[in-house]
Amino acid sequence: MSIPISAQQDGYTRGEPELTAYAPDDEVVPGSETTVGIQLQNDGQVDVGTQTEAVTTARGVSVEVRDSGPFEIRGGTIPLGSIADGTSTTADLRVGTPEDLEPGSYEVSLNVRYSHTQSISPNDNRVNDRTRLQRVTVTLTVTEDPRFEITNVTTDLQPGMSGTSTVELTNIGATDATDVQASLRGNSGLTFGDGAVDASISDLDAGDSTRINVSTTLSEQLEGEAIPITASVQYTDDNGIDRDAPTAEGTFMTQPPASFSVMAHDSTLAVGERGDLSGTVRNDGTSTITDGVLVVESTGESLQVTDPRFALPPLEPGESTDYSFETTVSPNADGGAQQARFAVEYANGGAATISSDPIASRVSIADAASFKIENLSDTLAVGYSGTIAGELRNDGERTVTDGVLVIEPRSDSISIEERRFALAPVAPGEAVPFEYQTDIGGSVDAGPRQVRFTVEYNNDRAEPTQVGPLAHRVEIDPQRREFSVSGTETRVSAGGSTELVLEITNERPETLENINAKVFADSPLSADSDEAFINSLEPGESEEIAFSISAESDTMAKTYPVEMDFQYETERGESVLSDTYQQPVSVTEPTDDGERSPLITGAIVLLAIGLLGGLALVGYRYRQRTS
């Protein structure tokens, strides 16, 4: 740091600040937290020269606790600025004194940091600055004298009232007090007696309390605010000397006028319906309320309340109770939030009835119930059973607990035996699933159809209500077979047999069970094993089945059809017989494996010796059979 040097400052100057610390009011009380002011005094010294202020001023002074001793001292570093020579400044420490600390004197060590100019040399225009850390010690005294505090005030008075209050005075000191005299005074619209109340307490041991009844008057302008009160206390010490204790302080809290909050439940009323205007009333005041009545003062033209007065049970501070008014909502009312005004009348056992300030509360009126059909799907096909399924969403503001969804097909092509679907409880914004079983005749045309839905339910007054109809479109698919049948080309030689292996695929959008397949073969084919069984097939699932097929020995080589059908059960437990399916079977000429029996061999030898023409004829037939 550079300090200007005037032309008149001819000589060299050297010096330094010297800070000392002490606590002017060093007394603290066990078990308390108090602010102690630490004074820092600068008594600087100048070794040589005349620029005294420049070398003795402590700049950027800060204080921090180095060792708090037995105390709890809050806060970190305390900045204090500059301290000139001969001046002082105060650092406030928040000191917590342990409750069990014995009376006596205790030291607190502080670190004081600052910077200053150590020397000034005008001739060579030099200024020597330095930073210094100085450790100082202050002494705090833990007292053992009686000390007093107003620890509690009890009153049931509201602003504008007069009566009696109780003030509790406690000896918070470490020693007993005798011949205690106290003078109580109010403030800010609170008057004790004619201005003060004097009380003779006699003895008050350390830690003990006493209650003083005082006549009290409260100004009407008070609104439940905290009012400071004081007590001047005199006592006699152990040496018989009369002493004045520090002024005892406390707070007088007036009882504010009773206050209440009224909350109305949502979704209990609907346009054009009777319902209940219900909710909760809470005592937000500090006194118990008895003989209370909740009164509906105004609800406008939208709500007509049958009886506007509802008797309340006793309500302690913070306690709530439910209320209910039978109410009719005008059919001309708009749904949404409406404003209702309430008031609470109470007597609390007295002759006069007190009415609270008007209490506004928001009342929710629901629009007419609203529903929406979502995710509608169908599995309708000509000649088959199917389903119409989807979700019903509650777009209204009330939960429907006893609803029924009714479906009405707008075409005779769709047959639905049970048209009423009982709904699970549907909360506002919630969707619940539904499904109807259908039957489609085999002679109807495929194509779109319309169905309508209606929601039936009871409102809050158990009165039947309907919403709808809601029109939607479904699609009847063309007729298609239940199964697809595929297999490799099946061949059987005349006079032989083979295995007919087929792959069966479920083409229906439902699981089919107990599938019994039967094959039918007409002459010259026959089925030695004509049945096969499949336990179940899910939609799109496939499984192989096999039959044994034989051809007569004189069967002409060509392709012959075999027929089959399926008997199965649907998911609804219905037993169904399918249409007839055909599968080609190719019959081939028998083949010779080159072996002959001895009888045939002998016959051929005889024919070779005696009947050449017969041998030629036999050879011709053999070629025809194997060609």
Side-chain angles (χ1 to χ4, degrees), residues 152-166 186-191 215-227 251-269 275-330 333 336-365:
N152 191 31
V153 178
T154 304
T155 185
D156 59 0
L157 300 179
Q158 298 178 10
M161 301 176 63
S162 298
T164 301
S165 303
T166 301
N187 197 358
S188 302
L190 165 65
T191 303
S215 60
T216 307
T217 302
L218 297 178
S219 169
E220 293 182 1
Q221 284 71 37
L222 294 176
E223 296 182 356
E225 54 188 296
I227 305 172
T251 302
F252 185 103
M253 292 296 300
T254 65
Q255 291 294 319
S259 63
F260 305 87
S261 56
V262 177
M263 288 75 67
H265 294 157
D266 287 339
S267 303
T268 59
L269 298 173
D276 293 319
L277 171 56
S278 59
T280 302
V281 56
R282 183 180 65 218
N283 180 4
D284 292 334
T286 56
S287 300
T288 298
I289 299 302
T290 60
D291 307 320
V293 176
L294 178 65
V295 182
V296 180
E297 292 190 331
S298 174
T299 55
E301 297 180 357
S302 298
L303 305 177
Q304 291 85 46
V305 179
T306 304
D307 183 355
R309 299 178 64 83
F310 183 87
L312 299 173
L315 292 178
E316 295 183 358
E319 187 178 4
S320 301
T321 190
D322 293 333
Y323 68 85
S324 181
F325 298 94
E326 185 179 277
T327 306
T328 301
V329 182
S330 169
Q338 301 286 341
Q339 196 80 349
R341 282 198 317 167
F342 300 85
V344 177
E345 298 177 354
Y346 61 96
N348 284 9
T353 297
I354 303 172
S355 181
S356 70
D357 291 334
I359 309 162
S361 181
R362 174 184 174 273
V363 178
S364 178
I365 301 177

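It should be emphasised that the depicted structure is a prediction, and the values quoted were computed from it without experimental measurement.
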Tell me, please, which residues at least two apart from F260 pass ring-ring contact (aromatic ring centres under 6.0 Å, His included).
-> none
Mind checking ring-ring contact (aromatic ring centres under 6.0 Å, His included) for F342 and listing every partner two or more places apart, or none if nothing turns up?
-> Y323
How many angstroms lie between CD in E326 and CG in L277, if you round to the nearest 0.5 Å?
-> 11.5 Å
Shortest non-hydrogen pair, T155 vs S165, comes out as OG1-OG, 3.1 Å
From T166 OG1 over to N152 CG, what is the distance, rounded to the nearest 0.5 angstrom?
-> 9.0 Å
Do the non-hydrogen side-chain atoms of V329 and L303 ever get within less than 4.5 Å of each other?
-> yes
Which atom names give the shortest non-hydrogen contact between S361 and V262, and what distance separates them?
-> OG-O, 3.1 Å
N/O donor-acceptor pairs under 3.5 Å from side chains in residues 312-320, not counting sequence neighbours:
residue	atom	partner	partner atom	Å
E319	OE1	E316	N	2.9

Could you tell me the separation between the CG atom of L294 and the CG atom of D322, rounded to the nearest 0.5 Å?
-> 11.5 Å
In Å and rounded to the nearest 0.5 Å, what is the CZ to OG distance from F310 to S278?
-> 10.0 Å
Taking every heavy atom of V363 against every heavy atom of A340, the minimum-distance pair comes out as CG2-CB, 3.6 Å
Quick one: does D276's side chain have a donor or acceptor within less than 3.5 Å of a partner on S324's backbone?
-> no
Could you grab the distance from atom CG of L190 to atom CZ of F252, nearest 0.5 Å is fine?
-> 5.0 Å
If you measure from OG on S261 to CG on N283, what distance do you get to the nearest 0.5 Å?
-> 9.0 Å
Validation row: V153, T251 side chains within 4.5 angstrom (heavy atoms) = no
Could you list the residues that satisfy side-chain contact (heavy atoms from CB on, under 4.5 Å) with Q304, not counting sequence neighbours?
-> T328, S330
Residue pair R362 / Q339: nearest heavy atoms and the distance that separates them = CA-OE1, 4.2 Å
Salt bridge (charged side-chain N to carboxylate O under 4.0 Å, His left out) against R341, all qualifying residues, sequence neighbours excluded | none
Apply side chain to side chain donor-acceptor pair (under 3.5 Å) to T154 and list each qualifying residue two or more places apart in sequence or on a separate chain.
-> none
